[in-house]
Protein chains: 2
Amino acid sequence: MTIGTDAPRRTRIQQEKRELILEAALEVFSTNGFRGSTIDQIAEAAGMSKPNLLYYFRRKEDIHETLMQRLLDTWLAPLRELDDIGDPLTELRSYIRRKLEMARDFPRESRLFANEILQGAPRIMPLLAGELKTLVDEKAAVIKGWMRAGKIAKTDPWHLIFSIWATTQHYADFDVQVRAVLGPNRGGDGRFEDAARFLEQLFLDGLKPKG
Amino acid sequence: MTIGTDAPRRTRIQQEKRELILEAALEVFSTNGFRGSTIDQIAEAAGMSKPNLLYYFRRKEDIHETLMQRLLDTWLAPLRELDDIGDPLTELRSYIRRKLEMARDFPRESRLFANEILQGAPRIMPLLAGELKTLVDEKAAVIKGWMRAGKIAKTDPWHLIFSIWATTQHYADFDVQVRAVLGPNRGGDGRFEDAARFLEQLFLDGLKPKG
DNA sequence: CTAACGTTTGTCCAATCGGTCAAAAATTTG
DNA sequence: CAAATTTTTGACCGATTGGACAAACGTTAG
């Protein structure tokens, strides 16, 4: 019997092996991109033969698709948590902090996503224009409410969200460059705390000198 | 005769054809990544046969390498222009504006660079840790001078540069996502002006309400 | 014209790719 | 135990890949 992506009934071995494959595929896809990765690479990283891997996922695309589906859920969780209750500036600050923590703790997921978008999002375009746009529009409305109430400065909520995504994910997607530029002294583990401090100041106060 | 990458003597035809190939390769590489692109694709985009293309560039890597070398020069030009003369806030604002204009006018170059970094910068790592780090350190020192003089708020100059890179290049690298989220109404040509307005406000004043 | 040189192409090749298949091995079930 | 089922593997396939090569073609200088 072969295991389709929509077959819900799975044995213990199937669950374990599928997890093993997805973990290996995340590693391989995120560093080589979809077309740059081979089934052999993933199979080797998962410690099994290629036909064995293809017994659990019939096609290379199925692995990638499963990975992307899981990714989007966890990836958008921080934005979903952005809520109307609580102080607006505090809410935004903790959203930025959470996104930065995700860049630190799940850089492979970030790179996998970046790879997909960079190449025109051929496989998740409907999700972007659908689920993602809906969520962002909804949160933009919340932010707009804060602006109208005078709780935060008036600007464009959509571009505000973009800038938070860009600045935080930068530390995952461009990690190699960040570490190279910071050098051996400052490029160590402390770089995320430095980034958190900087981003907090940037988003709250900007660059104008006080007074 | 075959044309090596370090052969300085070139006929008129060689110059023209090499330009044609590089232009085609920029298009193909930036949308498919290095491994995702084939010599055939580039040759077809350049309007010539594969062996003909290989007459001008012996290997696929040579095309990519030439492209990356040229890229870095033009890509870092805006940062090189950041100068100590003139008002600091004005200097930074025009740096942001120039970078955003590059994201708008040269998105393929931005994506080519992003692709390379995403995959660990295997081909330009020495440049990052060398030339790039030197330049950034130098400009960070200039910015630090402004901070000491009280001209701009005190923060981390390196992370400031990172955040400018991240926010501006986002509009080239994640363009598909930006347009999908903004939708057909706001995702048109005006999005770069909206971004410019937002980024100026963000970097100057932050999000705290005035008063 | 002709010889030399630069350019283009058709053909070919070995390696790698995603994926199939039947049969062996391991596991579960009765 | 034995039968049924699930898992694993080696061998194989057609398509695509980067690249080699010699022959044909075009151009130019003497």
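A, B, ... follow the sequence lines: proteins, then strands. Residue 1 opens every chain. Model, not experiment: these values are computed from the prediction.
Between Lys60(B) and dT17(D) there is no side-chain polar atom (N or O) within less than 4.0 angstrom of OP1 or OP2. Between dT7(D) and Gln14(A), a contact under 4.0 Å exists linking OP1 or OP2 to a side-chain N or O. Put simply, Tyr55(B) has no side-chain N or O that comes within less than 4.0 Å of OP1 or OP2 on dT9(C). Contact check, Ser49(A) against dT9(D): a side-chain N or O comes under 4.0 Å of OP1 or OP2.
Of the two residues near DNA chain D, Leu53(A) and Ile39(B), the one whose nearest nucleotide lies more 5' is Leu53(A).
The side-chain contact (heavy atoms from CB on, under 4.5 Å) with Leu118(B) is formed by just one residue from the set Leu112(A), Thr31(A), Asn115(A); it is Asn115(A).
Nucleic acid contact for Lys50(B): base, since at least one base atom lies under 4.0 Å from a heavy atom of the residue.
Separating the CD atom of Gln41(B) from the C1' atom of dT16(D) is a distance of 11 Å, rounded to the nearest angstrom. Atom pair Ile42(A):CD1 and dG18(C):P shows a separation of 8 Å (rounding to whole Å applied). Atom CG in Leu20(A) sits roughly 10 Å away from atom P in dT8(D) (whole-Å rounding). Between Arg35(B) atom CZ and dT16(C) atom P the separation is 10 Å, expressed in whole Å. Look at CD on Glu44(A): it is 11 Å from P on dC17(C), rounded to the nearest Å. With rounding to whole Å, Leu54(A) atom CG is found 15 Å from dA11(D) atom C1'. Computed from coordinates, the Phe34(A) CZ to dG18(C) C1' distance equals 10 Å when rounded to whole Å. Summarising the geometry, the separation between CG on Asn52(A) and C1' on dA26(C) is reported as 12 Å, rounded to the nearest angstrom.
The listed nucleotides are dG19(C), dG18(C), dG10(D); the one nearest the side chain of Pro51(A) is dG10(D). Looking at the side chain of Asp40(A), the nearest of the listed nucleotides dC17(C), dT7(C), dT8(D) is dC17(C).
The aromatic rings of His64(B) and Phe29(B) lie perpendicular to each other, with more than 60° between the two planes, well past the 30° mark.
Ring pair Tyr171(A)/His159(B): centre-to-centre distance below 6.0 Å.
At a threshold of 4.0 Å, the pair Asp84(A)-Lys139(A) does not count as salt-bridged, since none of the basic side-chain nitrogens sits closer than that to a carboxylate oxygen.
Note that Arg197(B) lies outside the cation-pi zone of Phe192(B), set by a 6.0 Å cut-off to the ring centre and a 45° limit from the axis.
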